[in-house]
S.K.: 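Below is one structure. I have some questions about it.
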There are 2 protein chains.
Amino acid sequence: MSREVLGLDAGAESLLAKAKLDGAETMWDRKDAMKASCGFGEKGICCKNCSMGPCRISPVAGKGAQKGICGATADTIVARNFARTVAAGTAAHSDHARDIAHVMHMADVNGNYKVKDVGKLMLLAKEWEIETEGKEVDEIAHALAEKALLEFGKPFGVLNFLSRAPKQRQKIWKDLKIEPRAIDREVTSIMHSTHIGCASDVDSILDMAMRTSLADGWGGSTIGTQFSDIMFGTPTASGTEANLGVIEENMVNILLHGHDPSFSEMIVLAAEDPEIMKLAKDSGAEGINLVGMCCTGNEVTMRHGVRIAGNFYQQEMAIITGAIEAVIVDVQCIFPALARLSDCYHTKFISTSPKAKIEGSTYIEFNEEHALDITKKIVTEAINNYKNRDRTKILIPQSKSKAMVGYSVETVIQKLDGVVNSQTDIFNTVKPLADVIYAGVLRGAAGIVGCNNPKVKHDDSHVTVMKELIKNDIIVVTTGCAAQAAAKAGLLTMEAKELCGRGLKEVCERVGIPPVLHMGSCVDISRILDIVSRVAIERGVDNSDLPVVGVAPEWMSEKAVAIGTYVVASGIDTFLGITPQVTGSARFVDMLTNTIEEKVGAKFFFEEDPTVCAAKILERIEEKRDRLGI
Amino acid sequence: MSREVLGLDAGAESLLAKAKLDGAETMWDRKDAMKASCGFGEKGICCKNCSMGPCRISPVAGKGAQKGICGATADTIVARNFARTVAAGTAAHSDHARDIAHVMHMADVNGNYKVKDVGKLMLLAKEWEIETEGKEVDEIAHALAEKALLEFGKPFGVLNFLSRAPKQRQKIWKDLKIEPRAIDREVTSIMHSTHIGCASDVDSILDMAMRTSLADGWGGSTIGTQFSDIMFGTPTASGTEANLGVIEENMVNILLHGHDPSFSEMIVLAAEDPEIMKLAKDSGAEGINLVGMCCTGNEVTMRHGVRIAGNFYQQEMAIITGAIEAVIVDVQCIFPALARLSDCYHTKFISTSPKAKIEGSTYIEFNEEHALDITKKIVTEAINNYKNRDRTKILIPQSKSKAMVGYSVETVIQKLDGVVNSQTDIFNTVKPLADVIYAGVLRGAAGIVGCNNPKVKHDDSHVTVMKELIKNDIIVVTTGCAAQAAAKAGLLTMEAKELCGRGLKEVCERVGIPPVLHMGSCVDISRILDIVSRVAIERGVDNSDLPVVGVAPEWMSEKAVAIGTYVVASGIDTFLGITPQVTGSARFVDMLTNTIEEKVGAKFFFEEDPTVCAAKILERIEEKRDRLGI
């Protein structure tokens with residue numbers, strides 16, 4: 001396997017060589033076995049939505065089947081597949097948010113789940129018109145939680161959080177009739193409308209996909225973020241480290257992988273329990289070393305500085321080090337392959353969610369009612385496994401990087417407050433950020449997000465785009481696996497200011513922030529929506545007027561498609577480094593990359609070369625500046 | 001095209017020959033162009049759930065790719081695809097039911113939508129513990145509608161209608177943790193759990209699929225049926241005719257196609273308006289001839305005796321007659337091809353639902369608030385089109401059959417009351433039915449349902465299975481396109497008793513019913529669940545103890561997969577005449593056709609030969625009788 005494929009991590013090659021010796025299969029083996037991927041599937045022109053088929057449209061216009069048996073054209077099939085992808089992504093984010101809301105509904109000052117950020121609770125209660133006068137914190141939390149839970153299924157009205165967008169944006173949604181109603185309803189609607197014999201008009205399918213995606217961004221994801229902050233604390237800036245080098249040779253290493261903080265927070269608590277810590281020492285280890293991966297890694301690093309073992313494509317590498325006592329997972333982005341891979345080592349692979357039972361894993365069902373008891377049991381399993389390590393099988397790459405994390409919107413604003421002229425300006429706004437962008441000190445801002453994908457050199461696209469942008473005075477905010485790529489590349493440090501253009505460097509120095517800001521997990525892209533909307537509102541413009549972009553250089557999941565769609569529907573151009581499976585319809589491609597702009601003021605760009613992608617971003621940002629006359 | 005492929009309808013061949021002359025493309029042309037279907041898709045071993053892929057598993061064990069890039073096996077991929085199919089089907093039925101509930105929420109004694117069956121409203125209000133004392137009918141309807149709308153999204157509890165099942169059945173669901181919560185939530189849950197890196201354990205995926213399907217059967221579909229009955233009237237037995245011969249040469253022919261009675265009921269009303277009728281006469285026609293197709297056809301024939309033009313595969317044939325002024329559609333099972341096909345004739349193809357905009361159609365958006373105005377406008381469009389007929393292009397096959405329709409559970413019970421011994425027994429129960437089954441006069445009952453599918457000879461599987469069963473004293477209830485096949489074949493008549501075994505013939509004579517009972521549209525399979533459960537409760541047993549089966553000889557839609565799954569999960573064996581796309585996993589096939597019985601007391605049978613299928617049904621029914629000791 002060449003570095004060209006493996007990407008930027010120094011340890012990858014030696015770990016894969018070790019895997020071979022250990023008889024362990026990795027995704028690279030499976031990718032080799034897969035050979036060519038299906039051309040119809042890649043182009044999105046395969047339809048399995050009824051059993052008259054499956055039908056495949058010939059990619060050569062005018063030759064072979066140009067329609068499915070029902071008459072669906074390539075345009076329709078591509079659009080329907082795209083819409084279902086958005087529905088699946090929306091479902092994933094939102095079902096996660098539902099769990100957080102249920103946890104808030106259990107908030108108990110004497111229980112496992114306590115309200116951590118009372119201030120944020122009170123602000124949101126006010127925003128949602130919940131009576132707080134003379135009420136206990138828990139009571140308010142329960143009322144808020146119930147209201148949030150109804151966002152998933154209320155029969156009337158539209159989502160509450162839409163009102164956080166600029167007025168101009170709200171009007172666009174209303175006029176297009178794409179204001180999402182209840183979150184689950186939008187998922188169901190898409191599944192219905194893409195059923196055989198329903199919508200074939202691609203324009204309306206794209207509109208419905210946008211509506212559903214907005215139920216993710218302004219519904220599920222915003223609830224996920226806001227309610228997690230209230231229950232587990234709004235992140236504040238702190239230091240951590242990232243990459244496989246954070247795995248410790250003489251500690252009980254527990255890899256936390258998945259997404260839902262209502263689970264991982266309890267693992268953190270369990271691991272801090274004095275009895276559990278003593279158990280770890282008694283087992284001969286120096287202690288417990290919690291490390292994170294994927295979005296769970298982001299959740300716990302944002303709130304506790306838990307160190308980051310890596311991102312999506314390193315989930316197998318971490319196990320191959322031979323030093324992980326337990327991989328503990330809940331939902332999403334977990335290779336089912338980890339079960340068999342763990343069997344090659346002493347590693348326990350513990351799945352915990354009824355939503356995501358994994359064959360071959362040790363299943364210990366997590367249940368919020370007994371959260372701490374269960375997580376203590378799980379951590380104990382890991383500790384008890386320490387003695388089973390085969391020290392001849394351990395290889396921990398030494399590479400790790402320092403990183404600053406924890407940039408919630410509140411933290412960013414607090415940092416900005418440090419540069420407010422207290423004589424003339426007010427505190428607690430994004431005005432300083434708007435000012436530097438309008439002044440041209442910063443040319444713009446980019447949200448760089450998303451996964452890893454073996455179709456491109458790992459982390460390289462993330463890091464290349466980031467470096468190019470900060471060099472050109474574009475400030476970067478990041479979440480998900482992209483944030484972890486940035487962390488490993490040292491971009492989440494004050495020192496990274498040296499890679500920046502003069503304007504951004506000065507901002508970093510004066511405000512005291514790195515040029516790339518870690519804003520959290522993938523649901524926390526809602527923080528990016530929030531901050532962009534605040535800047536727009538501050539300046540009286542719409543999101544689509546601002547020189548800001550979204551970028552997903554290495555995305556792979558259906559969630560990413562939902563995200564890209566709601567970001568565009570929110571007025572922010574989105575650059576995809578992996579071309580989605582839509583190229584079988586030139587018309588749908590044109591809609592996504594061109595005509596959608598007439599509707600929502602933003603569009604998609606597909607560009608697989610990260611350097612070219614960065615150049616296009618710069619060009620687009622300057623266009624937006626020109627239009628704004630700044 | 002041979003009769004072998006075209007199926008039973010005499011007119012098919014000549015209409016297809018005419019289509020060729022008219023330059024009109026049909027599904028047979030498209031099927032020919034499609035050539036071989038994709039082997040991976042047919043077997044369900046293709047995964048498009050993330051963009052690392054698409055991945056395809058080699059169907060040859062041990063050779064080629066045996067896992068997706070994430071490590072998902074054929075078992076996992078097949079199970080996930082199956083679950084998503086169930087989710088889509090559930091979404092379709094339920095989203096339809098939501099519309100009916102919204103219409104009930106608009107119930108107005110002075111408006112377009114009035115409560116028709118006040119008795120049924122009051123019964124359901126009592127069942128759902130809605131206060132009725134001193135309240136107006138409309139008020140009660142609104143309260144009931146709100147409660148129903150919350151069934152789609154309530155944050156706590158499980159679906160109300162589950163309590164209609166036998167207690168033993170409810171316990172099985174509870175123990176398996178497959179009681180559906182809110183309907184839309186279950187759809188979202190499946191989309192989440194089948195997202196990359198979630199569930200890979202096939203057992204749990206099947207359980208989740210069952211839970212979602214139950215949200216269809218006992219949620220969306222039951223709401224769809226019950227609320228339609230309340231708003232539009234509970235069907236009663238009446239006569240009608242079926243097949244393309246119901247199209248009239250000298251009338252304005254309007255083909256109603258789709259699913260949602262809140263639309264089609266208003267078309268019926270509009271067509272009965274004296275001014276509209278006069279307009280038709282003024283145009284030179286003898287009047288307006290409404291004819292139905294697919295489930296909308298079933299809805300309006302059940303309640304108004306509107307004649308049936310045909311089933312799913314005849315949607316193109318109807319247009320090719322050249323005598324249809326307008327095809328009026330809402331949602332589901334509408335070929336997008338009808339747009340282009342209509343262009344070959346004078347036919348107006350009018351789509352009406354924002355959920356199902358169809359490219360190339362005339363779009364007149366239906367809106368319940370202005371229901372009658374809009375439907376009058378639509379019917380007027382059809383009338384105005386009468387003058388554009390090209391009489392040289394008209395060919396109406398003469399075949400049509402008489403049929404009895406309208407067998408709601410209430411109607412069946414009312415018929416049974418006719419044979420109750422008023423000295424010893426009570427009225428208004430299914431006891432007489434239970435008695436004849438237990439006595440062996442009837443050997444059992446079969447629900448024969450579902451679509452058409454060009455993979456098998458049209459209508460032949462439906463009719464063959466029905467004839468075999470009634471010959472063997474199995475009473476048949478039917479819905480959907482299967483019911484229309486039965487109607488065309490003359491099986492919905494008293495005369496059909498001559499095709500029956502001695503026991504069934506006697507029942508038909510004494511009770512005064514045909515041997516095959518039309519129970520309505522596909523959502524009305526909930527009527528079949530209802531009647532089976534009533535018989536089980538009457539006898540103190542579970543559904544799975546009874547000698548009853550479900551059969552879908554020619555299914556094609558995702559709805560059918562949802563139906564099959566909830567029927568099995570409700571304890572009723574289900575025979576599929578088209579093998580679902582699961583054969584790439586021998587294990588999942590074994591689960592569906594074997595081990596699922598350990599969980600829910602029923603299983604799937606895949607059997608494409610209708611005669612063999614009937615034989616297997618008889619065998620299974622006798623097994624059940626033996627177990628019951630009857």
Side-chain angles (χ1 to χ4, degrees), chain A residues 27 30-31 33-34 37-38 41-42 48-56 65 67 69-72 76 87-88 91-92 95 149 152-155 182 184-185 187-189 191-193 195-201 204 331-337 355-359 453-454 556-558 578, chain B residues 27 30-31 33-34 37-38 41-42 48 50-56 65 67 69-72 76 87-88 91-92 94-95 149 152-155 182 184-185 187-189 191-193 195-201 204 331-337 355-359 453-454 556-558 578:
Chain A
M27 72 165 167
R30 294 189 296 273
K31 192 167 163 60
M34 194 62 63
S37 63
C38 172
E42 281 283 7
K48 301 189 295 181
N49 295 11
C50 87
S51 80
M52 294 199 293
C55 293
R56 298 183 287 192
K67 295 187 202 110
I69 290 172
C70 67
T76 294
D95 204 38
L149 288 166
F152 292 83
K154 63 187 182 187
D184 293 340
R185 176 176 183 178
V187 174
T188 298
S189 289
M191 295 309 287
H192 177 199
S193 288
H195 186 276
I196 178 170
C198 283
S200 74
D201 173 79
S204 70
V331 293
Q332 300 169 27
C333 303
I334 302 145
F335 280 2
K355 298 177 182 185
K357 285 195 189 173
I358 300 173
E359 208 146 74
N453 191 320
M556 67 84 212
S557 84
E558 292 170 308
I578 306 284
Chain B
M27 72 165 167
R30 293 188 297 274
K31 193 167 162 60
M34 194 60 64
S37 64
C38 172
E42 282 282 7
K48 300 189 294 181
C50 87
S51 81
M52 296 199 292
C55 292
R56 297 183 288 190
K67 295 186 202 112
I69 290 173
C70 68
T76 295
S94 303
D95 205 37
L149 288 166
F152 293 83
K154 63 188 181 186
D184 292 340
R185 176 176 181 178
V187 174
T188 298
S189 286
M191 296 308 287
H192 177 198
S193 288
H195 185 275
I196 177 170
C198 282
S200 75
D201 174 81
S204 69
V331 294
Q332 301 170 28
C333 302
I334 304 145
F335 280 2
K355 298 177 181 186
K357 285 194 190 173
I358 300 172
E359 210 147 75
N453 192 320
M556 67 82 211
S557 85
E558 292 170 309
I578 305 285

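Note on naming: letters A, B, ... go to the chains in the order of the sequence lines (proteins, then strands), and numbering restarts at 1 for each one.
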S.K.: Measure from the side-chain N and O atoms of A:S193 to the backbone N and O of B:K355, and report whether any donor-acceptor pair falls under 3.5 Å.
M.R.: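 Flag set: sc A:S193 to bb B:K355 pair under 3.5 Å.
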
S.K.: With a 4.5 Å cut-off on heavy-atom pairs, point out which of B:S200, B:S204, B:C333 contacts chain A the most.
M.R.: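 Top count of heavy-atom pairs under 4.5 Å with chain A: B:S200.
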
S.K.: Rounded to the nearest 0.5 Å, what separation is found between the NE2 atom of A:H192 and the CG atom of B:D184?
M.R.: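 Here the interatomic distance stands at 12.0 Å.
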
S.K.: Among A:A88, A:A92, A:P155, A:A65, single out the residue with the greatest number of heavy-atom pairs under 4.5 Å to chain B.
M.R.: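 Greatest number of close heavy-atom pairs with chain B: A:A92.
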
S.K.: Can you tell me which of A:A91, A:G53, A:G41, A:A182 forms the most heavy-atom pairs within a distance under 4.5 Å of chain B?
M.R.: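 So the answer, after comparing A:A91, A:G53, A:G41, A:A182, is A:A91.
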
S.K.: What residue, out of B:K357, B:M191, B:K67, has the most heavy-atom pairs lying under 4.5 Å from chain A?
M.R.: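 Top option by heavy-atom pairs under 4.5 Å: B:K357.
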
S.K.: Only pairs of heavy atoms separated by less than 4.5 Å count here; which of A:I578, A:I358, A:T76 has the most with chain B?
M.R.: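 When all of A:I578, A:I358, A:T76 are compared, A:I358 has the most.
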
S.K.: Heavy atoms only, distances under 4.5 angstrom: which of A:A33, A:C38, A:A337 has the most pairs with chain B? Name it, please.
M.R.: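 Greatest number of close heavy-atom pairs with chain B: A:C38.
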
S.K.: Is it true that a side-chain atom of A:N453 and a backbone atom of B:S51 form a donor plus acceptor pair closer than 3.5 Å?
M.R.: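 Checked: pair present.
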
S.K.: With A:S557, which residues qualify under side-chain contact (heavy atoms from CB on, under 4.5 Å), at least two apart?
M.R.: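 Applying side-chain contact (heavy atoms from CB on, under 4.5 Å) to A:S557 gives A:C451, A:K559, A:A560, B:H195, B:I196.
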
S.K.: How long is the gap from OG1 on B:T188 to CG on A:D95, to the nearest 0.5 Å?
M.R.: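 Between B:T188 OG1 and A:D95 CG, I get 7.0 Å after rounding to 0.5 Å.
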
S.K.: As an exercise: rank A:G153, A:A87, A:C55 by heavy-atom pairs under 4.5 Å with chain B and give me the winner.
M.R.: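 Of the candidates given, the most pairs with chain B belong to A:G153.
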
S.K.: List the atom of A:M34, the atom of B:R56, and the distance in Å for their closest heavy-atom pair.
M.R.: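 Heavy atoms only, the tightest pair is SD-O, 3.1 Å.
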
S.K.: Taking the side chain as C-beta and beyond, is there a heavy-atom pair between A:K48 and B:K48 under 4.5 Å?
M.R.: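 Yes, side chains in contact.
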
S.K.: Considering only heavy atoms, which portion of B:S37 lies under 4.5 Å from any heavy atom of chain A: side chain, backbone, both, or neither?
M.R.: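 For B:S37, heavy atoms of backbone and side chain both lie under 4.5 Å from chain A.
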
S.K.: Would you say A:M27 and B:C70 make side-chain contact, with heavy atoms under 4.5 Å?
M.R.: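 In short, these two side chains do not touch, never coming nearer than 4.5 Å.
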
S.K.: Less than 4.5 Å to any heavy atom of chain A: does that hold for the side chain of B:A72, its backbone, both, or neither?
M.R.: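 Both parts, backbone and side chain.
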
S.K.: Which value, rounded to the nearest 0.5 Å, describes the distance between B:C50 atom SG and A:E558 atom CD?
M.R.: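 Between atom SG of B:C50 and atom CD of A:E558 there are 8.0 Å.
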
S.K.: For residues A:P454 and B:I69, determine if any side-chain heavy atom of one lies less than 4.5 Å from a side-chain heavy atom of the other.
M.R.: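 SC-SC contact between A:P454 and B:I69 confirmed.
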
